[in-house]
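Since the structure is predicted, the reported quantities are computational estimates derived from the model, not experimental observations.
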Amino acid sequence: MITVSVKPLFTAIFTLSLFLAIVLLSPSSPFSSVLSNKQTGKSDIWGVKRLVEWRPCKWWIHRPRIALSAESNGYIRVDCYGGLNQMRRDFCDGVGIARLLNATLVLPKFEAAAYWNESSGFADVFDVDYFIQQMDGFIKVVKELPPEVALKEPFRVDCSKRKGQFDYIESVLPSLLKYQYISITPAMSQRRDRYPLDAKAALCQACYGALRLTRTLEQKAAELLEAIPKPFLSLHLRFEPDMVAYSQCEYPGLSPASKEAIEAARGDRKPWTGEAARIWRKRGKCPLTPNETAFIFQALSIPTNTNIYLAAGDGLMEIEGLKSIYTNVVTKSALLSGEDFLNMHGNTKAALDYYVSINSDSYVATFFGNMDKMVAAMRAYKGLHNTLFLSRRAYAELTSKGLDGKELMQALWLAHKEDFAMGRGSALPDCFCDLKS
């Protein structure tokens, strides 16, 4: 007869059970938030069932590449201004316009303002050869102009009031045919829905299928991504002096340093006062502070031990309002060193944030700017749908009603739950279609 000692077996089981209990109940454990959510009966925002998902439209993704016209109407250069993602947007619009006018596209000119502290061009950020290869069949792109054209500057065409297909054909095409080489900056309020499908397809392919970072920049971005503790949430927080000054909003309780920085950035933009200020804020025009962002995160049951990558510039104000509650916040300047990183400025640093954000486990934006739209669309393109835009309007409206504490948290939860379920704001409608889950 074989005998088994019960005591060692009992000791082993008890030790294992004790270990699991410690792991599961530890505040630093990734499982602790799951337990607390079950206890409260409310999951974090990512547990909400999505009713609508955005996907690249079939008419673009599966569109056969048709032969381009043998004769081009001339050359178009797109002149891009502002930050990296604004320039990307303008360039993509320019690709659609060039296809619309049967023009050959010249590599764009990046006109970065001194504020961005960046002098890099298109080829310093994006892989030119890959772009040309991926645009084959959509539009003709050249690295260099023919000698007879290269000797002259392009004729500048004002496109500030051009919005749709017939605007460009009637007002821009004659200049293209006359001068053979023109430069344009697309209007911000493009009516892409007025484009024929081949022009829209060229725009979509350029923006989401053909632009990738240079090998050197992508390697640095991959190094940064590898260094971030996993899993992580990428947060695009916009509370810089220029953003607050531009918004014309007032914030009580800011530090003297923040107030001084905002005043220095204001220029002629004076803040709204009285009833105008209240209306402006209720319309969702005021950037969320780091402290307000942390409060909304808690309302959405995002655990305070979440790893957060801060996709933002170096001028963020009042950041301790976030870090005092969410303690696992990391930045690129803390994770990267070396001369190659220290020499980076506006465009190239923004490219790192963009790369990390489209590859993060989840992405949250406190604004709805060019980067946020581009990141959300690329995440949808890659099938990553844990993307959320915090509602400045909901926060302003609810606090104006006097809600605070748990009551405010519950109301914010319901507002963001509806937005997340419906996928609102999570993709650009020009190139993406909403599919029922």
Candidate pair Cys286 and Cys249, rule disulfide bond (SG atoms under 2.5 Å apart), full reasoning
CA-CA 6 Å; Cys286 297; Cys249 297; 2.0 Å; yes
When you measure from the side chain of [X] to the backbone N and O of [Y], does any donor-acceptor pair fall under 3.5 Å?
{"X": "Thr306", "Y": "Pro303", "result": "yes"}
{"X": "Ser183", "Y": "Val78", "result": "no"}
{"X": "Asp136", "Y": "Gln133", "result": "no"}
{"X": "Arg77", "Y": "Lys109", "result": "no"}
{"X": "Asn102", "Y": "Glu71", "result": "yes"}
{"X": "Gln180", "Y": "Tyr75", "result": "no"}
{"X": "His236", "Y": "Ala312", "result": "no"}

For Pro108 and Cys80, work out which heavy atoms get closest and say how close.
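Nearest pair, atom of Pro108 first, then Cys80: CB-SG, 4.2 Å.
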What is the minimum heavy-atom distance between Met378 and Ile358, and which atoms define it?
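For Met378 versus Ile358, the nearest heavy atoms are CB-CG2, 3.7 Å.
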For the cysteine pair Cys57 and Cys433, state whether the SG atoms are less than 2.5 angstrom apart.
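Answer is yes: Cys433 pairs with Cys57 in a disulfide.
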Would the SG atoms of Cys207 and Cys431 measure under 2.5 Å apart?
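Looking at Cys431 and Cys207, their sulfur gamma atoms do not lie closer than 2.5 Å, so the answer is no.
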Distance alone, cut at 3.5 Å: any donor-acceptor contact between the side chains of [X] and [Y]?
{"X": "Thr289", "Y": "Glu318", "value": "no"}
{"X": "Asn359", "Y": "Lys382", "value": "yes"}
{"X": "Asp372", "Y": "Tyr363", "value": "yes"}
{"X": "Arg156", "Y": "Thr185", "value": "yes"}
{"X": "Arg379", "Y": "Ser360", "value": "yes"}

Taking the six-membered ring for Trp, are Phe122 and Phe91 closer than 6.0 Å centroid to centroid?
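Under 6.0 Å, so yes.
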Considering only NZ, NE, NH1 and NH2 on the basic side and carboxylate oxygens on the acidic side, decide whether Lys220 and Glu226 come within less than 4.0 Å.
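Salt bridge: no.
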Charged N-O contact under 4.0 Å between Asp434 and Arg55:
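Salt bridge between Asp434 and Arg55, a charged N being under 4.0 Å from a carboxylate O: no.
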Where at least one partner belongs to residues 323-334, residue pairs that pass side chain to side chain donor-acceptor pair (under 3.5 Å), sequence neighbours excluded
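For residues 323-334: Thr331-Ser333, Lys332-Asp353.
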Take Asn386 and Asp361, measure what side chain to side chain contact (heavy atoms under 4.5 Å, CB included) needs, and give me the verdict at the end.
CA-CA 7 Å; Asn386 279 5; Asp361 298 287; over 6 Å; no
Please work out whether the ring planes of Phe432 and Tyr381 are parallel, tilted or perpendicular, with thresholds of 30° and 60°.
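Phe432 and Tyr381: perpendicular rings.
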Check for me whether Arg238 meets the cation-pi criterion with Phe368, that is, NZ or CZ under 6.0 Å from the six-membered ring centre and within 45 degrees of the ring axis.
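Cation-pi check for Arg238 and Phe368: fails.
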Is the charged tip of Arg99 near the ring of Tyr168: under 6.0 Å from the six-membered ring centre and within 45° of its axis?
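No, Arg99 does not lie over the aromatic ring of Tyr168.
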